[in-house]
Protein chains: 2
Amino acid sequence: MSMERELLLLGLLQQQDMHGYQLHEFIERYMQSCVDLKKSTAYYLLDKLAKEGLILSSEEREGNRPPRQVYKLTPAGQAHFLNLLRQNLATHLPARFPGDIGLAFADSLPLPEIHALLQTRRSALAEALAAAEQTPPHTGSLQLLIEHQIAHLQSELAWLDGVIDRLGHTKPG
Amino acid sequence: MSMERELLLLGLLQQQDMHGYQLHEFIERYMQSCVDLKKSTAYYLLDKLAKEGLILSSEEREGNRPPRQVYKLTPAGQAHFLNLLRQNLATHLPARFPGDIGLAFADSLPLPEIHALLQTRRSALAEALAAAEQTPPHTGSLQLLIEHQIAHLQSELAWLDGVIDRLGHTKPG
DNA sequence: TTTTCCATGTAACTCGTTACATGATTTC
DNA sequence: GAAATCATGTAACGAGTTACATGGAAAA
């Protein structure tokens with residue numbers, strides 16, 4: 001499993017014991033900006049971490065709800081978490097921009113069409129930025145992620161505007 | 001196959017007929033900022049595109065070199081390419097930041113250590129930026145990708161500096 | 001009463017990577 | 001003569017997704 005997903009699950013469990021459903025819900029709600037983790041994948045990974053001895057599960061039940069597997073870090077898990085964390089903090093992972101591929105081939109379309117298409121992209125981007133800016137403030141480190149997202153989207157928007165601006169006065173190749 | 005990889009291969013072949021080795025080399029050299037495509041994967045995908053009738057292969061040989069499969073777009077491939085291109089240009093694909101996961105859990109380490117680790121990350125980031133800035137200018141649209149990369153890395157660096165700055169005067173939670 | 005929520009999981013599948021195999025050819 | 005380059009491919013593997021199955025409880 002990728003080091004990010006591993007770090008994510010161990011990190012959340014290090015803050016608080018949780019069951020799979022709960023973990024997935026939290027990630028979807030508050031961390032969709034940095035990870036995308038499907039429900040089945042979450043369960044699968046928790047199983048795996050348990051088999052590796054990094055977390056322990058214990059069955060709990062509350063009222064008449066379905067029983068849940070609550071996970072907690074083992075000492076080995078805690079140590080592993082800290083190592084992953086150090087590695088993650090010390091590393092810069094370059095981001096990829098799949099949207100650039102289209103730009104690389106934009107010459108294949110007539111200028112007015114490129115312009116219209118990029119305007120559509122711009123709208124989507126601006127909307128994402130507005131959504132991020134309206135996110136209510138969060139506690140501690142989660143707030144950091146939101147601010148990062150905003151800073152990034154602002155930079156993207158400025159860049160895209162520059163591209164659109166220059167579209168008009170390009171010499172045909 | 002993901003729409004980006006498909007667009008990438010069709011787009012390159014639309015500009016010029018090429019064989020697998022050549023395609024892979026070009027991508028590695030000039031487009032590593034937006035895609036990572038392994039050699040075997042390139043061959044595999046070309047096969048697949050051929051089976052789908054989007055490209056045609058013909059064997060060529062030059063001197064005593066090993067024979068090569070040179071690919072060219074079919075009319076269907078050309079049409080498909082244009083559709084993918086339109087879709088790509090009109091869409092904003094949100095970027096993910098796996099480096100944020102570590103930040104979300106940074107409270108688990110003592111402040112001086114976080115500081116040191118983030119300084120290491122900063123160095124790597126600054127180096128990537130310097131490398132991007134020293135890239136010799138390219139023709140047409142490829143230049144766009146480089147400029148995007150630079151703008152993005154500058155924004156990332158500014159943000160990271162802000163984070164490091166604020167590290168000192170955080171109240172312990 | 002139908003839908004949504006809680007809670008977990010399995011089986012089949014796709015995508016992509018790794019590692020390996022081949023073999024001639026040019027460069028050191 | 002050894003290493004790197006050109007050129008293609010296969011087989012095995014791994015990670016992750018999709019679609020599905022289950023079943024009670026709460027909400028509409």
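Chain letters run A, B, ... following the sequence lines, proteins first and then strands; every chain starts at 1. Only a predicted model underlies this, so the values are computations on that prediction, with no experimental measurement involved.
Taking the side chain of B:Ser2 as heavy atoms from C-beta on, and the options C:dA7, C:dG16, D:dG9, the nearest nucleotide is C:dG16. Listed candidates were D:dA7, C:dG9, D:dG9. Nearest to the side chain of A:Gln69 is C:dG9.
A search for side chain to side chain donor-acceptor pair (under 3.5 Å) contacts involving B:His80 returns B:Glu6, not counting sequence neighbours. Judged as a side chain to side chain donor-acceptor pair (under 3.5 Å), and not counting sequence neighbours, A:Arg96 has no contacts.
Aromatic pair B:Tyr30/B:His138: ring centres closer than 6.0 Å.
Rounded to whole Å, atom P of D:dG14 lies 14 Å from atom NZ of A:Lys51. Atom-to-atom, CE of B:Met18 to C1' of D:dA7 comes out at 16 Å; the value is rounded to the nearest Å. C:dA7 atom P lies 4 Å from atom CZ of A:Arg68, rounded to whole Å. Atoms CZ (A:Arg61) and P (C:dC6) sit 19 Å apart, rounded to a whole Å. The separation between A:Glu52 atom CD and D:dG14 atom P is 13 Å, rounded to whole Å. When rounded to the nearest whole Å, the span between CD of B:Glu59 and P of D:dA7 equals 13 Å. Rounded to a whole Å, the CG atom of B:Leu49 is 11 Å from the P atom of C:dG16. When rounded to the nearest whole Å, the span between CD of B:Glu6 and C1' of C:dC15 equals 13 Å.
In summary, of the residues considered (A:Arg166, A:Arg121, A:Arg122), a salt bridge (charged side-chain N to carboxylate O under 4.0 Å, His left out) with A:Asp161 occurs for A:Arg122 alone. A side chain to side chain contact (heavy atoms under 4.5 Å, CB included) with B:Met18 is found for exactly one of B:Leu13, B:Leu46, B:Val70, namely B:Leu13.
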Check your understanding: Can you check side chain to side chain contact (heavy atoms under 4.5 Å, CB included) on A:Phe81 and A:Leu7, steps first, answer last?
Key -> CA-CA 6 Å; A:Phe81 161 68; A:Leu7 176 59; 3.7 Å; yes
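Within 6.0 Å of CD in B:Gln143 there are more than 12 heavy atoms belonging to other residues, nucleotides or ligands.
Near DNA chain D, meaning a heavy atom under 4.0 Å from it, residues 20-47 of chain A has A:Asp36, A:Lys38, A:Ser40, A:Thr41 in order of number.
OP1 or OP2 of C:dT17 sits under 4.0 Å from a side-chain N or O of B:Arg5.
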